[in-house]
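Input: a single structure, listed below in structure tokens.
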Amino acid sequence: MIRNDITGLVAQAIHNAQAAGALPEFALPTFEIGRTKDLKHGDYTTSVAMQSTKLARMAPLAVAQAIAAHVPPHAAVAAVTAVPPGFINFQLSDAWLTGQVAEIEAASGRYGDIDLGGGKTCQVEFISANPTGPLHMGSARNAVLGDALANILAAAGWRIQREYYVNDAGTQMRTFAETLYRRYRQALGHDAPLESHHYQGTYMHDLAREVVGEQGDRFLSMPEDDAIAALSDIGRVKVLAWIRASAEKLHIYFDNWYSEKSLYEPGGVFDHVIGSLRAANMTEAKDGAEWLRTSLFDSDRDEVLVRSSGQPGYYASDVAYHYDKFVLRGFDRVIDVWAVDHQNQARRMPYLMQALGLDPKRLDIVLYDLVRLYRDGQEVKLSKRSGDIITVDEVADEVGADAVRFLLLTRSNQAVMDFDLNLAVQQNDQNPAFYVQYAHARMASILRTAAERDFPAAAWTAGDFGLLGHPAELTLLRKMAELSEVIEKAATQLAPHHLAFYAQDLAGTFHAFYRDCRVISAEPAERELSCARLRLVAATKAVFARVLDLLGVTAPESM
RNA sequence: GCCCCUAUAGCUCAGUGGAUAGAGCGCUAGCCUCCGGAGCUAGAAGCGCAGGUUCGAGUCCUGCUAGGGGUACCA
């Protein structure tokens, strides 16, 4: 990307200035090229001169001037200026900016992609809600965050796999199956009251009736434990189908569904990993349990792998599952998306990596904060236990998948988020999701209108973008040229919200262009300019569609 | 108690140690002979408190206040 070119120019300029005697010899400090806030300062800026004053034993502005005077020429750079107190500013050339139209076209929908990943593999594991009920809105943030992250990392050069980890091995699953068994008996007219720890939601009734419809009463004659085991499998499959449908409603498609239970099959991953941990002397028997010796690392305590009951603990699943991800399946990198209430678990993950002999940096845990739902100004409490839940399906049906996704993505991860159901459902200018979609629809409309007014695509696809030069056109081109930097920031910080804000910026910039520059002109003298502008509009539409695609929001041709 | 996160405009939120802190909603005043007014322009309005580091702090450090979360052989 162009910013990297400028970084290289600055390094070269310092070297040149030193060779010419304009600067004393000193080691190149680490410096960054930043975006300016105001165009009057150019497009890019660096504070390297101010950082080097002590090294150079010169006034900051004098250092800046010496560097600026030795920047090699570059086609994309129109001006390099040194200004008080010591900034060096770079202005992009109009020719480079207008040339981005051709770059966008050549990228065919992948404009702004970068290569941070270098084609390495990265698994993004997200949602992973217990398969004990429908997907509720608490999981929607996880869903949208994980999916957008996967999109963004793919644009940043990683080969992505999306995985759902099915927590089908623990006591939650057992409780679910017991509940289903009782509801099943109730559905057949038997007395089987629920206890307080069972799932109270009405969906369990529906599930039980469905099972009765398909399987009849055959589980009544079985021993209770056998019936519960059978119902556990049947129920899990049905609930996972619900979850899959809900995810698809939000435009989310998983490449793989991984069963926690499968870790514990005889001779399976767990047996394998605990064997190698024992061989490496990484486990220790203590108080009747078997512990992973994580205190060998930065932790101040060990963690239980096998409880004194003989059952593996939860940490054992984490160990075995991540062993499978890294060692057996060979992912170069793994990202787990977890709610902030798992923060303590997240803290322990690096120790697990070290115990397995893996570099902890290959694993990122993305924590996100809670979502508080509001309706009519009142907070809507979510409680799966009491059955008082708001499902993803309800909200997606009411609000639309695009609005859900966009609104959930316009917050940084680690901030408690208020989600206003009333606001989201409004299909008007109060809803930012519609603001960005409207911009895309407007671009589509301009191209349609052009075709009706003697500007078919064939007339302008070779339009001369060198005719572009109006400030509003250049501003629009500048904004589009930022995309690769936004993708880099979002990918590096694992923070998709940067894309959501960029989408709003880009929409605003386009609307300003639309106001200032008439695209379709009937004047013969302006026909060439119209063609150039139509080409710009088509390029903008492509960039906008790309951004919406990364966010998982549809780009409508009309609305 | 200890640990983590958060605190920016009336509201919901952005803000990679840099130059005059931004956006949407709401409020005020304007803008359609002509490509989509679901749009645009202008205005009022803000970094929780106190120190520190730095040439420079909304951003880094310390303390305080307030809110959220976490501190099991649970999942």
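As a basis for the values below, the full set of heavy atoms in this structure was taken, side chains included, without hydrogen atoms, waters or symmetry mates. These figures come from a predicted structure and were not determined experimentally. By convention in this document, chain letters (A, B, ...) are assigned in the order of the sequence lines, proteins followed by strands, and residues within each chain are numbered from 1.
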Could you please name the option among B:rC34, B:rG70, B:rC73 that lies closest to any side-chain atom of A:S308?
B:rC73
Distance between the C1' atoms of B:rA19 and B:rG24, in whole angstroms?
26 Å
Give the dot-bracket line for RNA chain B from 5' end to 3' end: parentheses for intra-strand Watson-Crick or G-U pairs under 3.5 Å, square brackets for crossings, | for inter-strand pairing, dots for unpaired.
(((((((..((((....[...)))).(((((.......)))))....(((((..]....))))))))))))....
What's the gap between B:rG10 and B:rC5 when it is taken at their C1' atoms, as a whole Å value?
26 Å
Closest-nucleotide 5' rank along RNA chain B - winner of A:L447 and A:Q504:
A:Q504
Looking at residues at least two apart in the chain, or sitting in another chain, which of them share a salt bridge (Lys or Arg N to Asp or Glu O under 4.0 Å) with A:D402?
none
Contact list for residues 50-62 of chain A, test side-chain hydrogen bond (donor to acceptor under 3.5 Å, both in side chains), sequence neighbours left out:
A:S47-A:Q51
Is the distance from OP1 or OP2 of B:rC35 to the nearest side-chain N or O of A:R518 less than 4.0 Å?
no
By salt bridge (Lys or Arg N to Asp or Glu O under 4.0 Å) - contacts of A:R372 (at least two apart):
A:D418
Taking B:rG48 as the reference, what is the distance to B:rA42 when you measure between their P atoms (whole Å, please)?
27 Å
Considering only atom P, compute the distance from B:rU71 to B:rC55 and round it to an integer number of Å.
43 Å
Contacts of A:P471 meeting side-chain contact (heavy atoms from CB on, under 4.5 Å) (sequence neighbours excluded), chain-then-number -> none
Could you run down the sub-3.5 Å N/O contacts of the protein with nucleotides 29-33 of chain B?
none

Would you indicate which nucleotide in B:rA14, B:rG39, B:rU16 comes nearest to any side-chain atom of A:R411?
B:rA14
Can you figure out which of B:rC35, B:rG70, B:rA75 approaches the side chain of A:D341 most closely?
B:rG70
Mind checking the P distance from B:rG68 to B:rC61? Whole angstroms is fine.
24 Å
Nucleotide B:rG70, atom P - distance to CH2 of A:W338 in whole Å
15 Å
Pairwise salt bridge (charged side-chain N to carboxylate O under 4.0 Å, His left out) hits with a residue in residues 524-539 of chain A, at least two apart
A:E105-A:R535, A:D454-A:R527, A:E473-A:R533
Taking the inter-plane angle between the rings of A:F501 and A:H497 on a 0 to 90° scale, is it parallel (under 30°), tilted (30 to 60°) or perpendicular (over 60°)?
perpendicular
Qualifying salt bridge (charged side-chain N to carboxylate O under 4.0 Å, His left out) pairs, either residue in residues 486-502 of chain A, two or more places apart
A:R3-A:E488
Ignoring backbone atoms, test whether A:S445 places a side-chain nitrogen or oxygen under 4.0 Å from the OP1 or OP2 oxygen of B:rG36.
yes
Minimum-distance nucleotide to A:Y314 side chain [options: B:rA19, B:rA14, B:rA75]
B:rA75
Answer yes or no as to whether B:rA14 has its base stacked against A:H497, where stacking requires a ring-centre separation under 5.5 angstrom and planes under 30 degrees apart.
no
Counting N and O atoms only, with roles assigned by atom type, does the side chain of A:Y264 sit under 3.5 Å from a partner on the main chain of A:P312, one being a donor and the other an acceptor?
no
Report yes if a side-chain nitrogen or oxygen of A:Y435 is closer than 4.0 Å to either non-bridging phosphate oxygen (OP1 or OP2) of B:rC40; otherwise report no.
yes
Taking only the P atom of each, what is the distance from B:rU12 to B:rC73 in whole angstrom?
39 Å
Could you go through the side chain to side chain donor-acceptor pair (under 3.5 Å) check for A:Y165 and A:D336 one step at a time?
CA-CA 10 Å; A:Y165 181 50; A:D336 298 340; over 6 Å; no
Could you measure between the two P atoms, the one in B:rA7 and the one in B:rG58, and give it in whole Å?
14 Å
Per-nucleotide protein contact string for nucleotides 3-11 of chain B (B base, S sugar-phosphate only, - none; heavy atom under 4.0 Å):
SBSS-----
Of the candidate nucleotides B:rC74, B:rA38, B:rG70, which contains the atom at the shortest distance from the side chain of A:R307?
B:rC74
Residues at least two apart in sequence or cross-chain that pass salt bridge (Lys or Arg N to Asp or Glu O under 4.0 Å) with A:K479, listed by chain then number, are A:E482, A:D505
Expressed as a whole number of angstroms, how long is the span from A:E526:CD to B:rC34:C1'?
12 Å
Under 4.0 Å, heavy atoms only, any strand: does A:Y514 hit a base, just the sugar-phosphate, or nothing?
base
Under 4.0 Å between any heavy atoms, over every strand shown, what does A:M559 touch: base, sugar-phosphate, or nothing? Just pick one.
base
Phosphate-side-chain proximity, A:T449 and B:rG36, N/O vs OP1/OP2 below 4.0 Å
yes
Pairs: protein N or O with nucleotides 54-58 of chain B N or O, under 3.5 Å:
from   : atom 1 : to    : atom 2 : distance (Å)
B:rC55 : OP1    : A:K54 : NZ     : 2.9

Base, sugar-phosphate, or nothing for A:S521, non-hydrogen atoms under 4.0 angstrom?
nothing
Heavy atoms from C-beta onward define the side chain here; which of B:rA14, B:rA75, B:rA72 lies closest to that of A:F501?
B:rA14
Taking atom P in both B:rC40 and B:rC25, what distance in whole Å separates the two?
8 Å
Listed nucleotide nearest any side-chain atom of A:R301, set B:rA38, B:rA72, B:rG18:
B:rA72
Taking only the side-chain heavy atoms of A:D287 (C-beta and beyond), determine which of B:rU16, B:rC73, B:rC40 contains the nearest atom.
B:rC73
Touch class at under 4.0 angstrom, heavy-atom based, for A:R348 against every strand present:
base
By side-chain contact (heavy atoms from CB on, under 4.5 Å), which residues pair with A:P456, not counting sequence neighbours?
A:A459
